[in-house]
Engineer: 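One structure, pasted below without further comment.
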Amino acid sequence: MLKNIPPEHPRYQSLLQRETLIEAVENGVAAPAGLVAQGRGEAMDYLFGEETLAFARAAIRAAALAMSLARHPVVSVNGNVAALCPSDLVALSKAGGGILEVNLFYRTPGREEKIESILKSFGASEVLGVGSDASASIPELLSERRRVSPRGILASDCVFVPLEDGDRTEALAALGKTVVTVDLNPLSRTARRAAITIVDNVIRALPLLCEELATVSALPENVRRAELQTYNNQEILAQALDYLTDRMARLARGFREG
Ligand code: PTJ
């Protein structure tokens with residue numbers, strides 16, 4: 001199906017992501033609800049102009065600082081991100097972003113193992129949260145996402161949870177963990193509750209995050225701590241909304257003026 005999209009199509013990248021997700025649902029890697037999530041993200045990306053904007057770059061920098069300073073960072077992997085950017089997840093883990101852990105909202109039989117084998121095919125040496133490894137539980141969470149690895153999310157101080165649901169973000173934050181997310185919707189509960197929200201398409205954000213992690217890791221720890229303290233997530237979300245408002249107004253003026 002993927003090869004049917006001509007590369008010169010003006011919406012090639014977007015259609016490719018869509019088809020990748022459809023294929024992942026057909027193969028049992030992504031949940032059917034993952035298509036709804038992708039559609040929501042696609043719509044927001046369209047409104048933002050499908051580019052990585054200044055507020056996203058600032059959040060990527062803060063995310064890299066937080067990961068580099070963490071004692072035990074973890075990269076949480078769901079079906080959507082495993083389908084969209086498996087090689088970047090492995091690269092992020094290897095760059096110091098954290099150990100990989102599969103954590104699913106819809107934990108149906110076989111999906112964890114499929115995601116594990118995708119990550120391993122891209123070079124991951126260890127993937128937590130699969131089968132009996134997800135033996136610990138996050139208190140106050142009813143969904144299947146409560147099941148975590150005692151060596152991973154449970155023990156972590158910083159969790160990267162791209163495309164997350166609001167309940168778990170709140171629960172992880174309540175446990176005192178630094179929650180870093182990627183979410184194209186600045187109004188989502190996850191976006192508002194995370195410590196650091198990268199409002200960008202995960203496809204574009206992950207390679208930039210890997211690069212930034214390498215850059216900040218070269219800085220002295222006290223310099224990284226001081227810079228991270230200046231980061232304000234509410235301000236970043238406000239900038240994302242300001243950008244949308246201004247862009248929509250500009251586009252509306254363009255229609256009126258012809
Ligand atoms: O694989 P599972 O079982 O763990 O399920 C994963 C999904 C994504 C289905 C589950 O976590 C879910 O239902 O998530 P939500 O509540 O739909 O939230 C997903 C958020 O990610 C939404 O706010 C979307 O706007 C956003 N989003 C979707 N695609 C992208 C995105 N953000 C960045 N990049 C994207 N490509």
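All ligand and atom numbering here is 1-based and tracks the order in the structure.
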Engineer: Any atom of ligand 1 sitting under 4.0 Å from a heavy atom of Glu164?
Structural biologist: yes

Engineer: Counting non-hydrogen protein atoms only, what is the nearest one to atom 23 (O) of ligand 1? Give residue, atom name and distance.
Structural biologist: Asp183 OD1, 2.8 Å

Engineer: Mind checking whether Gly79 has an N or O less than 3.5 Å away from an N or O of ligand 1?
Structural biologist: yes

Engineer: Would you call Arg189-Asp167 a salt bridge at under 4.0 Å N-O?
Structural biologist: yes

Engineer: How far is atom 3 (O) of ligand 1 from its nearest protein heavy atom, and which residue and atom is that?
Structural biologist: Tyr106 N, 2.8 Å

Engineer: Knowing that exactly one of Leu128, Val90, Leu92 qualifies, which makes a side-chain contact (heavy atoms from CB on, under 4.5 Å) with Val75?
Structural biologist: Leu92

Engineer: Does Asp200 come within less than 4.0 Å of ligand 1, judged by its heavy atoms?
Structural biologist: yes

Engineer: Considering both backbone and side-chain atoms of Val202, is one of its nitrogen or oxygen atoms within less than 3.5 Å of a nitrogen or oxygen in ligand 1?
Structural biologist: yes

Engineer: Going by a strict under-4.0 Å cutoff (protein heavy atoms only), does atom 26 (C) of ligand 1 have a neighbour on the protein?
Structural biologist: yes

Engineer: Number the atoms of ligand 1 from 1 as they appear, then name those within less than 4.0 Å of a heavy atom of Asn185, with their elements.
Structural biologist: 23 (O), 25 (O)

Engineer: Which atoms form the tightest heavy-atom contact between Leu100 and Ala124, and what is the distance?
Structural biologist: CD1-CB, 3.7 Å

Engineer: When you check the gap from the basic side-chain N to the acidic O, do Glu50 and Arg11 get nearer than 4.0 Å?
Structural biologist: yes

Engineer: Of the protein's non-hydrogen atoms, which lies at the shortest distance from atom 12 (C) of ligand 1, and what is that distance?
Structural biologist: Ala37 CB, 4.6 Å

Engineer: Would you check whether Gly34 reaches within less than 4.0 Å of ligand 1, judged by its heavy atoms?
Structural biologist: yes

Engineer: Out of curiosity, is Arg107 lining ligand 1, as in a heavy atom under 4.0 Å away?
Structural biologist: no

Engineer: Which residue and non-hydrogen atom of the protein lie closest to atom 36 (N) of ligand 1, and at what distance in Å?
Structural biologist: Asn201 OD1, 3.1 Å

Engineer: Salt bridge check: are Arg147 and Glu112 linked by an N-O gap of less than 4.0 Å?
Structural biologist: no

Engineer: Taking only heavy atoms of Leu184, which atoms of ligand 1 are found under 4.0 Å from at least one of them?
Structural biologist: 32 (N), 33 (C), 34 (N), 35 (C)

Engineer: Would you say Arg40 and ligand 1 have an N/O pair spaced under 3.5 Å apart?
Structural biologist: yes

Engineer: So how far is it from Thr181 OG1 to Arg192 CZ, rounded to the nearest 0.5 Å?
Structural biologist: 13.0 Å

Engineer: Check the side chains of Thr190 and Asp183 for a donor-acceptor pair under 3.5 angstrom, ignoring hydrogens and angles.
Structural biologist: no

Engineer: Look at atom 1 (O) of ligand 1 and say which protein heavy atom is nearest, naming residue and atom and giving the distance to 0.1 Å.
Structural biologist: Arg111 NH2, 2.6 Å

Engineer: Considering only the protein, which heavy-atom contact is closest to atom 14 (O) of ligand 1, and what is its distance?
Structural biologist: Leu163 O, 4.2 Å

Engineer: When rounded to the nearest 0.5 angstrom, what is the spacing between CG in Asn103 and CD1 in Ile153?
Structural biologist: 4.5 Å

Engineer: So among Glu101, Glu164, Arg168, which one has a side-chain hydrogen bond (donor to acceptor under 3.5 Å, both in side chains) with Ser76?
Structural biologist: Arg168

Engineer: State whether a side-chain donor-acceptor pair under 3.5 Å links Asn201 with Gln13.
Structural biologist: no

Engineer: Specify the closest pair of heavy atoms between Arg61 and Thr215, including all atoms of both residues, with the distance to one decimal.
Structural biologist: NH1-CG2, 4.3 Å

Engineer: Who's the nearest protein heavy-atom neighbour of atom 6 (C) of ligand 1, and how far?
Structural biologist: Asn78 ND2, 3.7 Å

